[in-house]
Amino acid sequence: MLTVKNLHAGIEEKDILKGINLEIKAGEVHAIMGPNGSGKSTLSSVIAGKEEYEVTHGDINLNGTSILEMDPEERAHEGIFLSFQYPVEIPGVSVTNFIKTAINETRKAKGLEDMPASDMLKMIREKSELLEIDRKFLSRSLNVGFSGGEKKRNEIFQMAMLEPKLAILDETDSGLDIDALRIVANGVNKLRSEDNAVLLITHYQRLLDYIVPDVVHVLMDGKIVKTGGKELAHELEEKGYDWLKAEVNV
Amino acid sequence: MSLKDKLLSSHIVFQDSLDSDSPIYDLRGEAIKTFEAEGFPTKKDEAWKYTSLNSILKENYNIFPSKDAPLDFNDIKQYFLNDLDTYKIVFVDGTFNAHLSSTTHDGIDVCTLNSALTKPKYKQIIDVYFNKIAKEESLTSLNTAFAKEGAYIYIPKGKVADKPIQIIHFATGAEGASMLQPRSLIIAEENSEVQIVERHQSLTDKRILTNAVTEVYAGKRAMIDYYKIQNDRLEASLIDNTEIEQHRESVVSLHTFSLGGNITRNNLNYYQKGEHINSILKGVTIIEGKQHVDHNTLVHHIEPNCESHQDYKGIFADSATGVFNGKVVVEKEAQKTNAYQSNNNILIDDKATINSKPQLEIFADDVRCSHGCTIGQLDESALFYLQSRGIAQKEARALLMYAFANTVLSSVKIPQLKQRITKLIANKIGVNIGFDI
């Protein structure tokens, strides 16, 4: 589904990603772990199309098509979703109206009519139950005054509504207490299918107890230095990153 | 002949046409002298440094436009708040239009200044309140000199106006370019309440220049909630002078939505004459092309324990220009004053300009005053967030502009008005997505 080939990218002439290779197939969950400053968030931003990063080399393909020339919204229309570490506050626009707009903009891009209101309501009801979100929450202004946990739950709610092919969860576990983490993880697990894939970006192993990855990658200094199964995450939790640093010489 | 000379000579004709027994006959005579001495303001005046009236003073305006310009209600219906039951005071080219209006004398007075000036029963009120708040400077004096018609609202002690009041001034240009000088007087006595929505609307491509003066008097514990919608045609310019006097524990809130017009200058002056007064000044300006909007505000804190809150947001596209000149004066006696002022601006294009100038003159030592001014572009990270959810850049920008203006919109207390202004703003920004009301 997603193929990243020898990706080099940076910001203002500073290289951050220095040759990333990654292959994620439909139905898989991959985790990218790594110490602070290793380039994890840059990778997620570059895949989602943030303009301030410049790709200097390599390619990103989604189902065989390069997405590098696409605007962020076009990538979203193609099925890429990025859950933000710090979602933006939009006063005056409710969660419901925001998600309606996002869905109908995507439908418009595909030449479809707006989703009928009754279908929309039904879907909102289903997905909000999945994430244990109550009605009142949906009429609040997007992310305004939300707690850390509410923001993350709202991100996953949007993901559930948009039904992406590839969901990238950037530090979705940060700032969550154990209950919120369980709800968020449960939501993600229920949304997993044979047709979609998930890329988890995380600093800690804890999230991976709840969303069990098929593949774990370790990112250091802009490169993937080690790839393994879910047991790699446990090893990192136990030993930290220093032993790897020594092993791979960074 | 210059516009000034034309006004001076027209004034002689004007005074001759009026009853010399009028309670304000002498006042008009004095006012024209003030105008004659001071003339129109120029960029040399500090308060007019960033706003030049030159381009609009060259026109040969009709000073006394037509009496009976025909108007079809269907053509102007859109300018009314139709889904809301209101009193209406409607003027067409400066003349009261009874057909379009809905006035009352039942417990409160919602009618015209002309009737208040000519009927003996109002004489006492006119003597007490008329021209007592307005500053003696050139433009307000010019208006006083020609004062004859406008809105007259009187809410007696303890009364609550049972529905909002719409004041609409139409200009038809039926006799060519026109200058209008409506004069309004709004009195809310002790413990009374009133909501007012005001609009100046040109219906013509002829040039229109309006020099309006509104005096607002808020008695003890009175509450006035005032909204100004400025969304006029490109040929219409407005100098809107609003002078507000507040007494103990009163609250006067005024929102100005400046969404269109040629040159718009808002002179908004608050005078706090009592303790525990709250003055609220809010504005949203969204303009493009070569439009110009200037907010010139004054809050004069005279007595202790009062508050003022100013929040002005501006979005400027193309080569539009904005001015915010907010002055807060805290007198020595006005201890424990809380005065807040914020002016935030977004410049969409390189050629757009904003001149933001907060002025604080504080003579008391135990006060809390803050002012902040920002000028910037839309937040790129926020834009990315919206785009990553599939919202195209153009719509994403609109959504962010809407969110930016929302702190002002959210305090509009009349739901139908809020909905109307939300729609106006959505149209202005050029998209119509599922905005909240």
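So that the names make sense, note that chain A is the first sequence line, chain B the second, and so on, each numbered from 1.
Counting heavy-atom pairs under 4.5 Å between each of A/Glu78, A/Glu52, A/Glu155 and chain B puts A/Glu155 at the top. Interface remark: of the candidates A/Glu89, A/Gln158, A/Met159, A/Gln158 forms the most heavy-atom pairs closer than 4.5 Å to chain B. Your options are B/Leu409, B/Leu386, B/Thr407, and the one with the most heavy-atom pairs under 4.5 Å with chain A is B/Leu386. Each of B/Ala382, B/Ala392, B/Gly390 has some count of heavy-atom pairs under 4.5 Å with chain A, and the biggest count is that of B/Gly390.
Only the side chain of B/Leu400 comes within contact range of chain A, with heavy atoms under 4.5 Å apart. At a 4.5 Å heavy-atom cutoff, the contact between A/Ile80 and chain B is made by backbone atoms alone. Using a 4.5 Å cut-off between heavy atoms, A/Leu162 touches chain B through its side chain atoms alone. Only the side chain of A/Glu51 comes within contact range of chain B, judged by heavy atoms closer than 4.5 Å. Neither the backbone nor the side chain of A/Lys100 comes within contact range of chain B; no heavy atom of the residue lies under 4.5 Å from a heavy atom of that chain. Looking at A/Pro87, the atoms closer than 4.5 Å to chain B (heavy atoms on both sides) sit in the backbone and in the side chain alike. Neither the backbone nor the side chain of A/Ala109 comes within less than 4.5 Å of any heavy atom of chain B. Within the 4.5 angstrom heavy-atom criterion, only side-chain atoms of A/Asn143, from C-beta onward, approach chain B.
Enclosure of atom CG in B/Asp83 by more than 12 non-hydrogen atoms of other residues, nucleotides or ligands within 6.0 angstrom is indicated. B/Met223 CE: 12 or fewer foreign heavy atoms inside a 6.0 Å radius. At most 12 non-hydrogen atoms from other residues, nucleotides or ligands lie less than 6.0 angstrom from CD of A/Glu113. Within 6.0 Å of NZ in B/Lys163 there are more than 12 heavy atoms belonging to other residues, nucleotides or ligands. Counting non-hydrogen atoms of other residues, nucleotides and ligands closer than 6.0 Å to CD of B/Gln78 gives a total above 12.
Heavy atoms only, all atoms of each residue included: B/Leu399 and A/Val93 are closest at CD1-CG2, 3.7 Å. Between A/Ala102 and B/Ile391, the shortest heavy-atom distance links the atoms CA-CG1, 4.0 Å. The two atoms that bring B/Gln387 and A/Ala76 nearest to each other are O-CB, 4.0 Å, heavy atoms only. The minimum heavy-atom distance linking A/Gly49 with B/Phe384 is given by the pair C-CE1, 3.7 Å.
Between the NZ atom of A/Lys108 and the CD atom of B/Glu395 there is a distance of 4.5 Å, given to the nearest 0.5 Å.
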* Asked: Is there a side chain to side chain contact (heavy atoms under 4.5 Å, CB included) between A/Phe98 and B/Arg389 once you walk through the steps?
  -> CA-CA 9 Å; A/Phe98 181 71; B/Arg389 299 295 138 96; 3.9 Å; yes
* Asked: Could you go step by step and tell me if B/Ser388 and A/Phe84 meet the side chain to side chain contact (heavy atoms under 4.5 Å, CB included) rule?
  -> CA-CA 10 Å; B/Ser388 82; A/Phe84 278 54; 3.3 Å; yes
